[in-house]
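Computation of the quantities below employed the complete heavy-atom set of this structure, encompassing side-chain atoms and omitting hydrogens, waters and symmetry-equivalent molecules.
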Amino acid sequence: MEKANHKIPGLATRQAALRLLDAVCRRGETLDQAMASATGRLNNPSDKSLAHNIAANVLRWMTALDAMIDSATRNRLADDAKARMALRIALVQVLILETPQHAAISTALPLVHGGPRRLVHGVFSTVMRGIESGKLALPEYPEIPGETLDRWTHNWGEEVAGAASRAWAGQAPTDLSFKSIETAPALEGESLISNHLRMRPDGPVTQLEGFEEGAFWVQDLAASIPARLLGNGEGKTIFDLCAAPGGKSMQLAASGWNLVSVDSSEKRMVRYHENMSRTGLEGKVVIADALNWEPEGTADAVLLDAPCSATGIFRRHPDVLHCIGARQIAERQDLQSRLLDKAASWVKPGGILLYAVCSLEPEEGEDQIDGFLERHVDFTLDAVTTEELPTGIAPTENGCVRTLPNMLAEKGYLDGFFIARMRRKS
């Protein structure tokens with residue numbers, strides 16, 4: 001039977017999708033962390049991409065898929081049961097990826113063995129009949145998982161939480177950051193700030209005019225804000241901490257900073273080197289844990305894009321909402337505090353410390369900076385102005401930046417970030 005299974009077209013891809021989902025739901029890994037091992041047996045890049053797409057959409061629509069499955073079973077299946085996971089994979093293909101029913105079920109049944117196969121087939125058929133009769137249907141938008149939804153509703157209100165669901169449903173637009181306006185190719189889209197273009201996500205960016213020449217890189221608009229707030233370097237020195245995969249480093253190098261990029265992961269810095277080489281930009285690279293690294297001197301500016309829960313980038317990474325809870329947020333909050341304290345000692349008097357996280361959790365943003373300023377009376381907030389920010393984004397009352405899922409809704413939404421610019425007193 002095992003040999004026969006290998007002959008089923010597309011089965012290996014669904015098995016890889018199952019391994020990805022097991023990694024996220026059982027072991028708390030992210031999809032990025034699990035990709036290499038889960039898809040290692042797939043030789044075709046398009047098969048790897050499909051496995052990722054199946055898993056990502058299962059995670060995005062899991063609440064609605066489970067409601068359908070539960071409506072067709074007398075006894076509720078365990079959350080981690082292979083039968084439930086096989087059904088999620090089959091249903092998401094039909095309902096979201098528009099896979100024919102026969103192809104979806106024929107590649108889902110071999111994911112389980114023995115009696116559960118009959119259960120999977122029966123439940124799938126029941127759900128399909130319910131959909132065809134109009135008794136069952138996916139909601140208009142995917143539902144944010146319960147703990148996260150409660151947290152965001154409490155912190156930001158129902159409007160923002162509702163916008164998060166709407167943003168989660170669609171494919172995020174493609175934001176490009178240009179090396180310079182002089183070398184920017186004439187591409188179709190909308191610019192929301194200098195050296196930026198927002199495009200429809202049509203086709204691979206590697207095929208766009210100017211990619212091979214290094215004229216641009218892909219970077220969410222919110223992610224480009226921290227480096228923008230540092231302005232032109234004019235040869236001054238900056239330490240870019242936790243620099244991989246290099247989006248902010250490329251911005252800084254293109255803006256004339258004397259760049260030192262620090263990251264603890266040699267593996268993640270492979271992509272950094274590829275990006276810098278393609279764009280023809282330069283910077284000194286240090287592979288080190290920032291908590292243990294000691295530079296030779298101080299810097300005019302330090303950019304700390306700190307490790308965080310990454311809940312702000314949930315649109316492209318739906319797995320984070322299934323991996324992150326109160327414990328994980330607290331662990332990252334402690335690490336961020338220690339990194340901030342370390343980074344502060346490397347800033348020259350009169351210099352800038354810029355802190356950023358791609359998180360929608362106040363503990364990692366607003367609360368983190370309140371605590372830092374209490375501990376470091378030699379630093380003060382350097383208020384950001386509206387003129388420094390993309391169209392449609394305004395600073396907070398105290399001059400920080402907080403981007404939320406309801407911002408730029410009519411233009412394709414925005415990742416969630418918190419950014420604070422602080423200056424060391426002279």
Can a side-chain donor-acceptor contact be found between [Y] and [X] if the only test is distance below 3.5 angstrom?
{"X": "Q368", "Y": "S337", "result": "yes"}
{"X": "T183", "Y": "S180", "result": "yes"}
{"X": "Q219", "Y": "S177", "result": "yes"}
{"X": "W257", "Y": "Q251", "result": "no"}
{"X": "N43", "Y": "D47", "result": "no"}

**OP:** Locate the shortest heavy-atom distance separating L229 from L354; write the atom from each residue and the value.
**Re:** CB-CD1, 3.8 Å

**OP:** Give the minimum heavy-atom separation between K179 and L281, together with the two atoms involved.
**Re:** CD-CD2, 3.9 Å

**OP:** Go through the steps for T385 and E388 under the test side chain to side chain donor-acceptor pair (under 3.5 Å), then give the verdict.
**Re:** CA-CA 6 Å; T385 65; E388 295 178 273; 3.2 Å; yes

Original post:
Any Lys/Arg nitrogen of R332 or E364 sitting under 4.0 Å from an Asp/Glu carboxylate oxygen of the other?
Top reply: no

Subject >> Atom CD of E213: over 12 foreign heavy atoms under 6.0 Å >> reply: yes

Original post:
Do the ring centers of W168 and Y413 come within less than 6.0 Å of each other?
Top reply: no

Original post:
Between Y141 and W61, does the ring centre distance come in under 6.0 Å?
Top reply: no

Original post:
Can you tell me how far the CG atom of L91 sits from the CG atom of D66, to the nearest 0.5 Å?
Top reply: 9.5 Å

Subject >> Any donor-acceptor N/O pair, E29 side chain to A23 backbone, under 3.5 Å >> reply: no

Original post:
Relative to the ring of H376, is the ring of F372 parallel (under 30°), tilted (30 to 60°) or perpendicular (over 60°)?
Top reply: parallel

Subject >> Any side-chain heavy-atom pair of F216 and T279 under 4.5 Å >> reply: no

